[in-house]
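Below: one structure, written as structure tokens.
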Amino acid sequence: MSLKTLLMPFITQRMLSRERLQKQRERAERARVRRGEPHRVHYFHQADDPYSALAAASLMPLLARYPIELVPHLVGPVPDAAAPAREALVAYSRRDAQRLAQQVGLPFHDPGVQPPLPALAMAQRLLVGAIEGGCFAQVTAEVSKRLWHDPATLVDVVLPGGATPASEAQTVAHMVAADAQRQQLGHYLGATFFYAGEWYWGIDRLHHLERRLQTLGAQKGPHTEPLFPPVPDSLAPLHLEPPPVIDFFFSLRSPYSAIVAPRVFALARRAGAQVRLRFVLPMVMRGLAVPSEKRRYIVHDAAREAFERGIPFGRINDPLGRPTERGLALLPYAEREGKGPSFLLSFMQGVWAEGINAGSDRGLRQIVERVGLSWPAAQQALQDEGWRQTAAQNRDELTRLGLWGVPSLRVFDTAVWGQDRLWVIEAALQQAAVQQPN
């Protein structure tokens, strides 16, 4: 066992603890007060990103609620290293943004294509000009709306206060600098907010920022409900005949897979559904690089989301390589014994919340035996390499669905990506329950 494996659970437990986060926030606030600075929120906007179009609609309401100084930046697309399946990502983002907009009551629909390049260039010049003219928050929602839904009318946009569109050279220079600043601060996506050391992606995470500002007393009125609160899991049972099948695409090395797994199985129990476990190899184990800023953001965001949902997380023993291979080799055995979900939850909690080294016999045995499986039988199952073909087939099916990442879920003809889209699967089940014959 390496020293890294021994120390990692202690390091991550401290790094991701809520207590440490609170102390960091307190230090940041004391420093802000000492310097006499406002509550300064940096916002990174990508003009042709549909999630940025939704975030744009939040800026003026956010400023109306909180005494913040908004510092906008216009950035380019996600770097190649953080977007291994760019075409699928772009197409899915439009569909998902439309679904999210309908959920929260924002005006965005998927036109089926990205904005034309000349219109995009015009929008970028307008937005950089608005940044320079101090009117970005006032105009970005309108510019986004026209870019996505009526691009020919962008030429009619008049910036307030005498601001004018930036030149092409000014726009390029601004975006190069903004991309570099985003990376330096530790992110890679558009539609992102950065406040005092923490990142918040899109309207999906804006409620975390709002809660933080409210805790600091930084609000202009009595508002307590966030602009876009997270969709809670329903507790109501669903009665569906025949029992539906929920396909759960996951990776044992995905923190988001780990924190959504208990909720997937809870939803399945309420719906009387079967969960089909569709495991895939982690990207790194398929030869795909993951940028350091992406890794850092994901694990910190997962910790924040897990805390909000009351899911144990943070004492991590990274299952990269041998631990993942051993876990995947045992999943078919666990499923044959009728304990697939129990074993998956035991493994995920073990490596993501308890610091268990699944690469060791001692650690894996603990994960196996506490759900009632036989260690001798598990040792024999470890010799079966058939899981590799299954993982490849699951990856092919995920690609066929137009998806690329995990966790992803499918029920009926609805397929979604992300631990924060379980509500879409639940809505599809509810709709099916309403439509089924009595």
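Bear in mind that the values here come from a model prediction, so they are computed numbers and not experimental data.
Residues Gln114 and Trp148 form a side-chain contact, since some pair of their non-hydrogen atoms from C-beta on lies under 4.5 Å apart. In this structure the side chain of Val416 never reaches within 4.5 angstrom of the side chain of Arg410, judged on heavy atoms. With a 4.5 Å cut-off on side-chain heavy atoms, Pro255 and Ile298 count as touching. Phe108 has its side chain out of reach of Gln102: every pair of non-hydrogen atoms, C-beta onward, lies at least 4.5 Å apart. Residues Thr324 and Pro282 are in side-chain contact: their nearest non-hydrogen atoms beyond the backbone lie under 4.5 Å apart. For the pair Lys294/Arg296, no side-chain contact is recorded, criterion being any heavy-atom separation below 4.5 Å from C-beta on. Leu382 has its side chain out of reach of Gln380: every pair of non-hydrogen atoms, C-beta onward, lies at least 4.5 Å apart. Looking only at side-chain heavy atoms (C-beta outward), Ser144 and His45 come within less than 4.5 Å of each other.
Salt bridge status for Asp247 with Arg276: present, with a side-chain N to carboxylate O gap under 4.0 Å. The pair Glu337-Lys339 does not count as a salt bridge, with every side-chain nitrogen at least 4.0 angstrom from each carboxylate oxygen. In summary, Arg421 and Asp204 engage in a salt bridge, as defined by a charged side-chain N under 4.0 Å from a carboxylate O. Between Glu142 and Arg146 there is a salt bridge, since a side-chain N of the basic residue sits under 4.0 Å from a carboxylate O of the acidic one. Comment: Glu385 engages Arg388 in a salt bridge, judged by a side-chain N to carboxylate O separation of less than 4.0 angstrom. Comment: Glu325 does not engage Arg322 in a salt bridge, judged by the lack of any side-chain N to carboxylate O separation of less than 4.0 angstrom. Salt-bridge formation is detected for the pair Glu354/Arg370: a Lys NZ or Arg NE/NH1/NH2 atom is positioned less than 4.0 Å from an Asp or Glu carboxylate oxygen. Between Asp48 and Arg94 there is no salt bridge, since no side-chain N of the basic residue sits under 4.0 Å from a carboxylate O of the acidic one.
The ring-ring contact (aromatic ring centres under 6.0 Å, His included) analysis of residues 84-107, with sequence neighbours excluded, yields the pairs Tyr92-Trp404.
Each of Tyr297, Trp201, Phe194 was compared with His187 under the ring-ring contact (aromatic ring centres under 6.0 Å, His included) criterion, and only Tyr297 meets it.
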Asp49 vs Val75, side-chain contact (heavy atoms from CB on, under 4.5 Å): CA-CA, chis, key distance, verdict: CA-CA 10 Å; Asp49 166 36; Val75 293; over 6 Å; no

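Judged as a ring pair (Phe, Tyr, Trp, His ring centres under 6.0 Å), and not counting sequence neighbours, the contacts of Phe248 are Phe250.
Heavy atoms only, all atoms of each residue included: Leu206 and Leu227 are closest at CD2-CD1, 4.4 Å. Summarising the geometry of Tyr333 relative to Ser374, their closest heavy-atom pair is OH-N, 3.1 Å, with the distance given to 0.1 Å. When all heavy atoms are compared, the tightest approach of Phe193 to Leu62 is CE2-CD2, 4.1 Å.
A donor-acceptor distance shorter than 3.5 angstrom exists from the side chain of Gln436 to the backbone of Glu241, with no hydrogens or angles considered. Panel note: side chain Arg211, backbone Thr224; a donor-acceptor pair is recorded below 3.5 Å. Using a distance-only test at 3.5 Å, with no hydrogens or angles considered, a donor-acceptor pair links the side chain of Thr12 to the main chain of Ile316. Judged by distance alone, the side chain of Arg182 and the main-chain N or O of Phe44 form no donor-acceptor pair under 3.5 Å.
Side-chain contact of Glu308 with His207: a donor-acceptor pair under 3.5 Å is present, judged by distance alone. Residues Tyr66 and Glu210 have side chains that bring a donor and an acceptor to within less than 3.5 angstrom of each other. Of the N and O atoms on the side chains of Gln181 and Asp179, not one donor lies less than 3.5 Å from an acceptor on the other residue. Looking at Glu198 and His208, their side chains never bring a donor and an acceptor atom within 3.5 Å of each other. Between Ser257 and Ser254, the side chains place a donor N or O and an acceptor N or O closer than 3.5 Å (distance only, hydrogens not considered). Side-chain contact annotation: Tyr43 with His73, donor-acceptor N/O pair under 3.5 Å absent.
Judged by the 6.0 Å and 45° rule, Arg205 forms no cation-pi pair with Tyr200.
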